[in-house]
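Quick notes on the structure that follows.
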Amino acid sequence: MPVNKMLIETYFKKLKMPQAAKTYEALAREATENNLGYEEYLLGVLEQEIRQRENNRIQRGIRQAGFPVIKTLETFDFKAIPSLNKPKVLKLMQCEYIHKKENVLLVGNSGVGKTHIAIALGYEACRQGMKVKFYTAAGLINELLSAQQEYRLNKLQKQWLAPHLVILDELGYVPFSKIGAELLFQFCSSRYERGSLIVTTNLEFPKWTEVLGDEQMTAALLDRLTHNAHILNINGESYRFKQALARQTENV
Ligand code: ADP
Ligand code: MG
């Protein structure tokens, strides 16, 4: 290997620029063919490195978000759910609500695509470089409860505002213990006007007291969640159920 090449590759390695190391030769050939100057060539090499780093950062963010599966709007059939306000969903995909620290509530019966849309919104936020965390409501409450039992709640609390967006999926499927409901309330209150939440629920608002127990606390929680919130009502036939039916008819 020529000495210069060896040195260049060693230096790129020292500087932790793997993408530049990978592309600098091909870019040099291109630069010669296209009569590019030194500056343009250097710019090209640096841009490759920056772009790769940005991609890696986004991929890492998507992994850390903890989505149970990846869903995007590309695979979402809006025609299957005419009651859903499509322009509003598309607007939310621009993620402005996150910059404004507003919430999104997806309310509707089971199987209509609430989780699908919540994940698609979270995925887009990751793609835009934002920090996202996905929890099921029950999962978050368990995490909060064990933190409290192990005297780690204080430490955990400091991380509550770290994600730009938190998704709380399936609020209302399982009733919480009194202390679980209180911890959830604390969590949501701490993010109020300081970070965004997306909540998916099968519960109409008047029924929330049944799950959270305390009437006053439920009112206070709903007050915070719905203030400046984008509420999407999704009601219709379950997509899962419809697909299962379609498969059954095919098999007859
Ligand atoms: P929910 O959270 O409202 O119970 P999900 O989002 O989990 O419903 O949807 C159930 C399944 O059906 C998922 O696999 C989801 O991707 C799919 N699904 C639901 N609605 C649609 C739709 N309109 N277009 C495409 N897939 C859908
Ligand atoms: Mg769901």
Side-chain angles (χ1 to χ4, degrees), residues 62-95 97-98 102-127 130 132-144 163 165-176 180-181 184 187-188 191 196-212 218 221-222 225-226 229-251:
I62 291 169
R63 276 198 306 278
Q64 286 168 348
F67 300 118
V69 281
I70 299 293
K71 300 268 175 181
T72 64
L73 286 194
E74 271 165 39
T75 58
F76 192 80
D77 177 11
F78 280 95
K79 285 196 209 76
I81 188 89
S83 72
L84 177 63
N85 186 339
K86 181 177 173 182
K88 193 153 186 182
V89 175
L90 297 182
K91 180 96 205 304
L92 288 171
M93 288 298 279
Q94 295 167 3
C95 295
Y97 68 100
I98 304 179
E102 293 167 348
N103 297 335
V104 177
L105 301 184
L106 298 159
V107 189
N109 54 295
S110 180
V112 289
K114 298 184 298 296
T115 303
H116 189 133
I117 289 186
I119 294 175
L121 287 170
Y123 186 76
E124 181 56 28
C126 288
R127 281 196 355 100
M130 283 178 261
V132 178
K133 190 76 195 154
F134 180 101
Y135 296 102
T136 61
L140 174 67
I141 289 183
N142 280 339
E143 204 176 304
L144 296 176
L165 171 66
V166 169
I167 300 174
L168 274 184
D169 196 30
E170 296 190 352
L171 199 103
Y173 283 88
V174 205
F176 312 131
L184 182 76
F187 178 86
C188 294
R191 290 188 58 87
S196 288
L197 275 173
I198 295 181
V199 177
T200 82
T201 179
N202 60 335
L203 283 185
E204 301 286 338
F205 296 139
K207 292 203 178 132
W208 280 42
T209 313
E210 288 168 30
V211 178
L212 289 152
T218 307
L221 177 65
L222 275 175
L225 284 181
T226 55
H230 305 268
I231 301 175
L232 288 166
N233 285 299
I234 319 183
N235 279 296
E237 261 182 278
S238 160
Y239 192 83
R240 267 188 293 247
F241 187 60
K242 254 194 295 199
Q243 279 199 323
L245 273 186
R247 268 197 303 275
Q248 218 174 33
T249 354
E250 267 168 33
N251 292 340

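Because the structure is predicted, anything quoted here is derived from the model rather than measured. Atoms within each ligand, like the ligands themselves, are counted from 1 in listed order.
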Using a 3.5 Å cut-off on N/O to N/O, what pairs does ligand 1 make with the protein? A line per pair would be great.
| from | atom 1 | to | atom 2 | distance (Å) |
| --- | --- | --- | --- | --- |
| ligand 1 | 2 (O) | Thr115 | N | 2.9 |
| ligand 1 | 2 (O) | Thr115 | OG1 | 2.7 |
| ligand 1 | 3 (O) | Val112 | N | 3.1 |
| ligand 1 | 3 (O) | Gly113 | N | 3.1 |
| ligand 1 | 3 (O) | Lys114 | N | 2.9 |
| ligand 1 | 3 (O) | Lys114 | NZ | 2.8 |
| ligand 1 | 4 (O) | Gly111 | N | 2.7 |
| ligand 1 | 4 (O) | Arg240 | NH2 | 3.4 |
| ligand 1 | 6 (O) | Thr115 | N | 3.2 |
| ligand 1 | 6 (O) | His116 | N | 2.8 |
| ligand 1 | 8 (O) | Gly113 | N | 3.1 |
| ligand 1 | 14 (O) | Lys71 | NZ | 3.1 |
| ligand 1 | 16 (O) | Lys71 | NZ | 2.8 |
| ligand 1 | 16 (O) | His116 | ND1 | 2.7 |
| ligand 1 | 23 (N) | Asp77 | O | 2.9 |
| ligand 1 | 24 (N) | Asp77 | N | 2.8 |

Carboxylate-amine/guanidinium contact Glu124 Arg127, below 4.0 Å: yes
Count of N, O or S atoms belonging to protein, less than 2.8 Å from the Mg ion (ligand 2): 1
Exceeds 12 heavy-atom contacts within 6.0 angstrom, atom NZ of Lys91: no
Nearest-0.5 Å distance that lies between atom CG in Leu105 and atom CD1 in Ile198: 9.5 Å
Worked verdict on Leu171 versus Leu184 for side-chain contact (heavy atoms from CB on, under 4.5 Å): CA-CA 10 Å; Leu171 199 103; Leu184 182 76; 3.6 Å; yes
Cation-pi, Phe205 ring and Lys207 (6.0 angstrom, 45 degrees): no
Residue list, ring pair (Phe, Tyr, Trp, His ring centres under 6.0 Å) with Phe76, at least two apart or on another chain: Phe78, His116
Gap between atom CG of Leu121 and atom CG of Leu165 - 0.5 Å precision: 8.0 Å
side-chain hydrogen bond (donor to acceptor under 3.5 Å, both in side chains) between Asp169 and Thr136, intermediate numbers included: CA-CA 4 Å; Asp169 196 30; Thr136 61; over 6 Å; no
With Thr209 via side-chain contact (heavy atoms from CB on, under 4.5 Å) - residues at least two apart: Glu215, Thr218
